[in-house]
K.L.:
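Quick one: the structure is below, and I'll ask about it shortly.
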Amino acid sequence: MEYDHKKIEAEWQKIWEKNEKLWAAEDFSKKPKQYILVEFPYPSGEGLHVGHVRSYSALDAFARKKRMEGNNVLYPIGWDAFGLPTENYAIKNGIHPREATDKNIKNYKRQIKSLGLSFDWKREIDTTDPAYYKWTQWIFLKFFEKGLAYQVEMPINWCPQCKIGLANEEAVGGVCERCGAPAEKRNVKQWLLKITAYADRLIDDLNEVDYLEKIKTQQINWIGRSYGTNVDFKIKSNSQKISVFTTRIDTIFGVTALVLAPENKILQDFKENIANWPEVENYIIASAKKSDLERTTEQKERIGVEIKGIKVINPLNQEEIAVWVADYVIATYGGGAVMMVPAHDRRDWDFAKNYSIAIKEVVGGGDISKEPYVEYGRLVNSEGFNGLDSQEAIEKITQWLADNTLGGKAVNYKLRDWIFSRQHYWGEPIPIIHCDKCGTVPVPESELPVELPYVEKYQPTGTGESPLAAIKEWVNVKCPNCQGQAKRETDTMPNWAGSSWYFLRYIDPKNNNIFADGKKLKYWLMVDLYNGGMEHTTLHLLYSRFWHKFLYDLKLVPTSEPYARRQSHGIVLAEDNQKMSKSRGNVINPDNIIETYGADSLRIYEMFMGPFDQTISWNTNGLVGCYRFLNRVWDIFHRPEKFGSTVQDAEIKINQLIKRIGEDLEAMKFNTAVAAFMEFINFWSEDAKTLSKKDSETFLKLLAPFAPHICEELWLGLDNKMSIHLETWPAYNLELLEKGDYELIIQINGKVRDKIMVSKKLERSEIEKLTMARDAVKKHISGKEIKKIIFVPNRLINIVVS
RNA sequence: GCGCCCGUGGCGAAAUUGGCAGACGCACCAGCUUUAGGAGCUGGCGCCGUAAGGCAUAGAGGUUCAAGUCCUCUCGGGCGCACCA
């Protein structure tokens with residue numbers, strides 16, 4: 001009989017679909033719960049990527065094993081469907097984003113179902129469904145209520161060609177993602193979420209969770225906490241001061257200038273006092289015109305302007321110091337001002353060289369005539385602090401500043417508040433109304449959701465406003481406060497919004513009264529295992545942890561962290577080692593693979609192709625190998641002569657297999673698990689190797705989470721009535737594995753000279769006797785003195801001779 | 001520049017965490033089998049050598065009875081952040 005994957009897979013998928021309870025998660029079940037989460041896909045027009053299949057198949061195997069072990073498993077799926085690609089696609093093709101999204105979801109759903117994944121479809125969610133985004137808006141209102149959502153005028157990336165505002169992630173490298181034109185800066189009123197209020201907890205609470213070390217480091221680096229000192233420089237002949245952050249207060253005596261960012265407000269405040277204001281103003285305007293790209297690529301030549309007419313005083317030695325403006329100083333970090341210590345900082349050194357600013361050594365250990373010395377060392381030229389080492393000096397000087405109310409300890413973060421406005425159509429409307437009389441008024445909860453108007457015109461307006469601004473009948477509303485004329489906020493949320501809390505909605509997807517019921521949340525949280533792409537380990541992970549912590553503070557979720565464990569999977573590249581893309585013509589469509597080889601082969605191959613967390617190239621030949629393996633499995637189960645009583649060595653083999661598959665699945669080592677199945681089939685295929693029906697069934701149970709269709713079919717062929725997926729995960733016989741024989745490696749001076757089978761029960765002395773009796777051993781030690789014998793139980797013996 | 005990770009056959013990779021290097025799969029070679037199908041079966045497959053044996057985990061050194069695994073340096077590659085004071 002032939003292995004007809006098409007027929008088998010179609011049949012079983014139909015039966016499983018009817019039997020809704022098979023993969024359903026049950027709220028409040030007495031069984032231990034297990035929440036397994038995969039990042040939900042963005043349903044693009046391209047269809048499912050084989051990279052999705054990799055993650056879903058592997059976690060499906062994990063989830064199925066957990067079910068067989070008696071857990072109440074929640075393994076859900078949904079659609080992260082708001083966002084620019086759909087909006088652009090819609091504009092280009094004249095299809096409404098709603099229709100495009102529905103069409104794409106339908107296609108994704110068909111593709112995912114054809115893989116036989118055990119998702120609980122009754123919990124399917126869609127971030128663009130008003131019943132879903134009602135709660136995204138509701139959470140936003142909570143942020144607003146607590147003062148963590150605020151509006152501010154700030155420069156955003158603006159594409160002069162597309163005439164549209166760009167999010168940072170749409171302007172990577174300073175160019176517009178769509179047309180490649182360099183992005184400019186433009187001042188627009190934006191909504192921000194105060195994620196910086198959670199910076200410390202977002203770092204510190206990483207101790208509570210099990211993420212890959214790499215992922216934790218990424219989060220920590222992104223937040224970029226650094227401890228240092230604030231120090232106030234008084235402005236000469238004025239009562240004002242300029243506050244500066246530094247991590248190297250030990251170098252304060254080496255300050256030879258103060259440098260301000262061009263955006264620093266002080267410049268505008270003091271323009272009357274600045275003698276060369278036109279020159280300074282020109283410089284400010286010029287740097288505003290530069291893109292981030294230009295500002296960062298001009299690193300080598302440091303350009304700035306000295307501000308004439310303003311001097312500041314070094315608080316430690318009362319020295320008078322010049323003030324400069326230069327755009328290598330970042331406006332949004334550390335107050336937008338830097339104390340320049342050319343002797344001990346690379347950038348300051350370059351700048352000082354350019355403008356012949358004094359270079360004064362205050363930390364010994366380097367040769368500052370050649371290059372800046374940036375290491376710690378012993379202080380010189382620092383008056384009362386001479387002779388201290390840097391670390392001690394930092395402490396003492398900071399203390400001195402604090403005592404004299406001239407500064408003190410300070411912490412700074414690279415993390416900025418999250419720009420939450422998008423001037424686009426296809427996103428959640430921000431539920432705010434602007435009233436001339438009452439100001440910024442939240443939409444009352446009872447009026448949520450604020451639905452996106454279904455209109456024909458969602459093209460950018462070109463004014464920098466969202467396309468929603470052009471829809472008068474939607475924009476003009478009554479103020480909920482005073483009933484006067486008012487206007488809706490026309491910005492929408494970024495597509496990070498819906499994905500910041502989606503894992504909570506799976507827990508209670510149909511609830512109309514709250515985003516999710518508290519008791520259910522308590523039952524299901526935390527997420528036990530969260531898997532997704534490495535590209536989401538900074539932003540998405542950080543954002544969703546932030547939202548979760550906020551909800552935790554409102555006592556709306558029971559845990560301070562959402563995800564107990566996070567694993568990431570590697571990208572699947574095309575056969576030519578390039579990213580798969582339509583334009584390169586190297587895309588592998590899972591539909592075609594399933595048609596030719598079947599879903600089970602595809603699933604097995606995606607797990608076998610390499611270590612799960614590693615980027616790997618597709619190879620159709622490798623897939624064929626997995627297809628052959630399943631054919632061999634099919635074949636052997638249809639050969640009566642392979643059944644009988646289990647031969648003795650097979651008994652150990654099957655127990656080893658149970659142990660290994662279990663361990664490999666827990667460790668996410670799917671590739672070696674598949675290899676173990678292949679090994680076992682190779683072994684069983686050998687002449688005269690027979691298995692009992694029970695042991696062959698054990699093999700099928702182990703393989704079922706990996707290749708669910710073929711195993712269900714073969715299981716039925718062995719006269720079973722119920723689904724194999726309802727079976728209990730096999731246990732192994734530890735005793736059997738621990739007793740018995742093993743192959744002892746015999747080494748002379750660390751080189752393998754012989755191998756013998758010995759019992760695990762033998763004492764060391766008996767093993768030594770057996771070893772010495774071997775011809776190969778005698779040959780290699782004759783005439784030599786035995787210095788030492790190393791014996792590693794169950795493994796090897798090493799005889800050291802002179 | 002800073003931080004993290006990684007270098008093993010022709011290729012994707014294993015290696016119980018210091019104990020047989022190359023499991024498993026691909027590709028390749030030989031044989032069998034009327035076999036047109038991304039066929040199957042058997043055997044081979046790191047390098048040198050007829051063999052015994054020797055040499056091999058990017059390179060050099062070190063620790064150890066024993067090193068792919070630990071330490072030091074060099075070379076090569078990947079990822080993240082990127083003027084963060």
K.L.:
With a non-hydrogen cut-off below 4.0 angstrom, is Asp345(A) in contact with a base, only sugar-phosphate, or nothing?
P.N.:
nothing

K.L.:
Taking Tyr211(A) for its side chain and Thr217(A) for its backbone only, find out whether a donor-acceptor pair lies under 3.5 Å.
P.N.:
no

K.L.:
Enumerate the protein-to-nucleotides 46-56 of chain B contacts in which both atoms are nitrogen or oxygen and the separation is below 3.5 Å.
P.N.:
{"unit_1": "G54(B)", "atom_1": "OP1", "unit_2": "Arg753(A)", "atom_2": "NH2", "d": "3.2"}

K.L.:
Measure the CG-NZ distance between Leu702(A) and Lys659(A) for me, rounded to the nearest 0.5 Å.
P.N.:
14.0 Å

K.L.:
Do the side chains of Glu39(A) and Arg566(A) get close enough for a salt bridge, i.e. N-O under 4.0 angstrom?
P.N.:
yes

K.L.:
Encode nucleotides 21-43 of chain B as B, S and - characters from 5' to 3', where the letter depends on protein heavy atoms closer than 4.0 Å: B to the base, S only to sugar-phosphate, - to neither.
P.N.:
--BBSSS----------B-SS--

K.L.:
Quick one: which of C65(B), C81(B), A85(B) gets closest to the side chain of Lys414(A)?
P.N.:
C81(B)

K.L.:
For Glu743(A), which contact category applies under a 4.0 Å heavy-atom criterion: base, sugar-phosphate, or nothing?
P.N.:
base

K.L.:
Is the NZ or CZ atom of Arg764(A) positioned over Phe791(A)'s six-membered ring, under 6.0 angstrom from the centre and within 45° of the axis?
P.N.:
no

K.L.:
Are Tyr373(A) and Trp349(A) close enough that their ring centers fall under 6.0 Å?
P.N.:
no

K.L.:
At 4.0 Å (heavy atoms only), tell me whether Ile799(A) reaches a base, stays on the sugar-phosphate, or touches nothing.
P.N.:
nothing

K.L.:
Report the secondary structure of RNA chain B in dot-bracket form, marking unpaired bases with a dot and bases paired to a different strand with |, and treating Watson-Crick or G-U pairs with both distances under 3.5 Å as paired.
P.N.:
(((((((..(((......[....))).(((((.......))))).(((....)))..(((((..]....))))))))))))....

K.L.:
Less than 4.0 angstrom from a charged side-chain N to a carboxylate O is my criterion; do Asp775(A) and Lys779(A) meet it?
P.N.:
no

K.L.:
Between the base of C20(B) and the side chain of Arg795(A), is there a donor and acceptor pair under 3.5 angstrom?
P.N.:
no

K.L.:
OP1 or OP2 of A85(B) less than 4.0 angstrom from a side-chain nitrogen or oxygen of Ser226(A), does that happen here?
P.N.:
yes

K.L.:
Can you find a donor-acceptor N/O pair under 3.5 angstrom joining the side chain of Lys755(A) to the base of C20(B)?
P.N.:
yes

K.L.:
Just checking Val244(A): base, sugar-phosphate only, or nothing, at a heavy-atom cut-off of under 4.0 Å?
P.N.:
nothing

